[in-house]
Amino acid sequence: MMLVSMEKEHLPMAKWAFTQLHVPKYGYILDIGCGGGYNVRRLLGASPNGKVVGFDISEESVRKAKKINKKEIGKRCRIQQGSVEKMPFQDGKFDFVTAFETVFFWPDLSQNIKEVYRVVKPKGRFAVINNYGDPGIDWEKKVPCMKRRTAEEIKQFMEDAGFANITIAKKDNLFLVIGERE
């Protein structure tokens with residue numbers, strides 16, 4: 001139930017983000033922290049000739065994402081469990097990597113973004129999509145494993161990892177940071 005309610009809560013963010021993203025029509029796409037798999041499904045729709053990997057640390061999320069994307073599993077889609085700290089993918093594999101509402105939970109953002117850089121192809125892109133949430137709530141106190149960052153801070157982590165041509169888009173409490181591996 002939590003995964004379904006998260007999808008409903010995150011739907012406006014996903015809809016906005018997909019108006020901003022230029023999802024490649026071909027190639028390999030990775031959605032880190034895929035949750036229940038709804039953005040994997042959206043990525044499959046936006047990339048009719050692409051292959052999408054959903055990746056999440058939660059066993060329950062992986063089960064749900066497989067169920068949501070069952071028609072494409074084994075064809076154009078794979079869902080896999082694991083941590084962003086050490087991803088089981090070859091260097092330079094992905095043309096496009098997304099992270100919807102997940103980087104606030106990554107244990108070492110600097111190192112984890114460097115790990116993302118490792119799996120992105122040259123000229124490939126990495127997109128971080130987040131919602132700052134209600135500014136009146138102390139989210140770090142409410143959710144102890146969470147550390148909010150600004151779009152500008154995430155941009156700096158991406159630059160430090162080697163990403164270039166980084167752009168930031170914002171709407172209300174939402175933000176999107178996209179960088180390219182040179």
Quiz item: Are Asn39 and Thr98 side-chain neighbours, meaning at least one heavy-atom pair lies under 4.5 Å?
Solution: no

Self-check item: Working for side chain to side chain contact (heavy atoms under 4.5 Å, CB included), residues Leu21 and Leu176
Solution: CA-CA 9 Å; Leu21 298 173; Leu176 166 65; 3.8 Å; yes

Quiz item: At what distance, to the nearest 0.5 angstrom, does CZ of Arg42 lie from CZ of Phe100?
Solution: 7.5 Å

Quiz item: Is there a donor-acceptor pair under 3.5 Å between the side chain of Glu101 and the backbone N or O of Asn131?
Solution: yes

Quiz item: If you round to the nearest 0.5 Å, how far is OH of Tyr38 from CG of Asp31?
Solution: 13.5 Å

Practice problem: Compare all side-chain heavy atoms of Arg149 with those of Val103 and state whether any distance is below 4.5 angstrom. | Solution: no

Quiz item: When rounded to the nearest 0.5 angstrom, what distance separates CZ in Arg41 from SG in Cys34?
Solution: 12.5 Å

Exercise. State, with a plain yes or no, whether a side-chain heavy atom of Arg78 is found less than 4.5 Å away from one of Ile73.
Key: no

Exercise. Take Ile113 and Trp106 through the test side chain to side chain contact (heavy atoms under 4.5 Å, CB included) and record every step on the way to the result.
Key: CA-CA 9 Å; Ile113 289 178; Trp106 290 4; 4.1 Å; yes

Quiz prompt | Shared hydrophobic cluster for Val97 and Tyr26 (ILVMFWY, side-chain gaps under 4.5 Å) | solution = no

Self-check item: For Ala17 against Ile129, the heavy-atom pair lying closest together
Solution: CB-CG2, 3.8 Å

Self-check item: Under-4.0 Å salt bridge between Glu60 and Lys64
Solution: no

Practice problem: Mind listing the closest non-hydrogen atom pair of Asn130 and Met13 along with its distance? | Solution: C-SD, 3.8 Å

Practice problem: Quick one: pull up CD1 in Ile29 and CZ in Arg125 and give me the separation to the nearest 0.5 Å. | Solution: 9.0 Å

Quiz item: So, Asp56 side chain and Gly35 main chain: donor-acceptor pair closer than 3.5 Å or not?
Solution: yes

Quiz item: Taking the inter-plane angle between the rings of Phe126 and Phe163 on a 0 to 90° scale, is it parallel (under 30°), tilted (30 to 60°) or perpendicular (over 60°)?
Solution: tilted

Quiz item: Backbone N or O of Gly50 within a donor-acceptor pair of the Arg76 side chain at under 3.5 Å?
Solution: yes

Quiz item: With distance as the sole test, does Asp95 use its side chain to make a donor-acceptor pair with the main-chain N or O of Tyr28 at under 3.5 Å?
Solution: yes

Practice problem: Please report the closest heavy-atom contact between Trp16 and Lys170, naming both atoms and the distance. | Solution: CZ2-C, 4.0 Å

Quiz prompt | Residue pair Glu180 / Lys123, side-chain heavy-atom distance below 4.5 Å | solution = yes

Quiz item: Taking all non-hydrogen atoms of both residues, which atom of Gln81 and which atom of Ile57 are closest, and how far apart?
Solution: NE2-O, 3.0 Å

Quiz prompt | Salt-bridge criterion met for Glu152 and Lys155 (N-O under 4.0 Å) | solution = no

Self-check item: Distance, nearest 0.5 Å, that separates NZ of Lys71 from SG of Cys77
Solution: 13.5 Å

Quiz item: Out of curiosity, Leu174 CG to Lys15 NZ, how far, rounded to the nearest 0.5 Å?
Solution: 13.0 Å

Quiz item: Hey, are the side chains of Val53 and Phe94 touching, using non-hydrogen atoms and a 4.5 Å cut-off?
Solution: yes

Quiz item: So which heavy atom on Met158 is nearest to which on Val128, and how close?
Solution: SD-CG2, 4.5 Å

Quiz prompt | Intermediate values then yes/no, side chain to side chain contact (heavy atoms under 4.5 Å, CB included), Glu153 and Leu109 | solution = CA-CA 10 Å; Glu153 287 174 311; Leu109 192 55; over 6 Å; no

Quiz item: Do any N or O atoms from the side chain of Arg118 and from the backbone of Phe89 form a donor-acceptor pair under 3.5 angstrom?
Solution: yes

Quiz item: Do Ile68 and Val40 have side chains that get closer than 4.5 Å, going by heavy atoms?
Solution: no

Practice problem: For Thr150 and Phe175, work out which heavy atoms get closest and say how close. | Solution: C-CZ, 4.4 Å

Quiz prompt | Heavy-atom side-chain contact between Lys171 and Gln20 under 4.5 Å | solution = no

Exercise. Answer yes or no: is there a side-chain heavy-atom contact under 4.5 Å between Phe18 and Leu43?
Key: yes

Quiz item: Judged by atom type as modelled, is there a donor-acceptor pair below 3.5 Å linking the side chain of Glu72 to the main-chain atoms of Asn69?
Solution: no

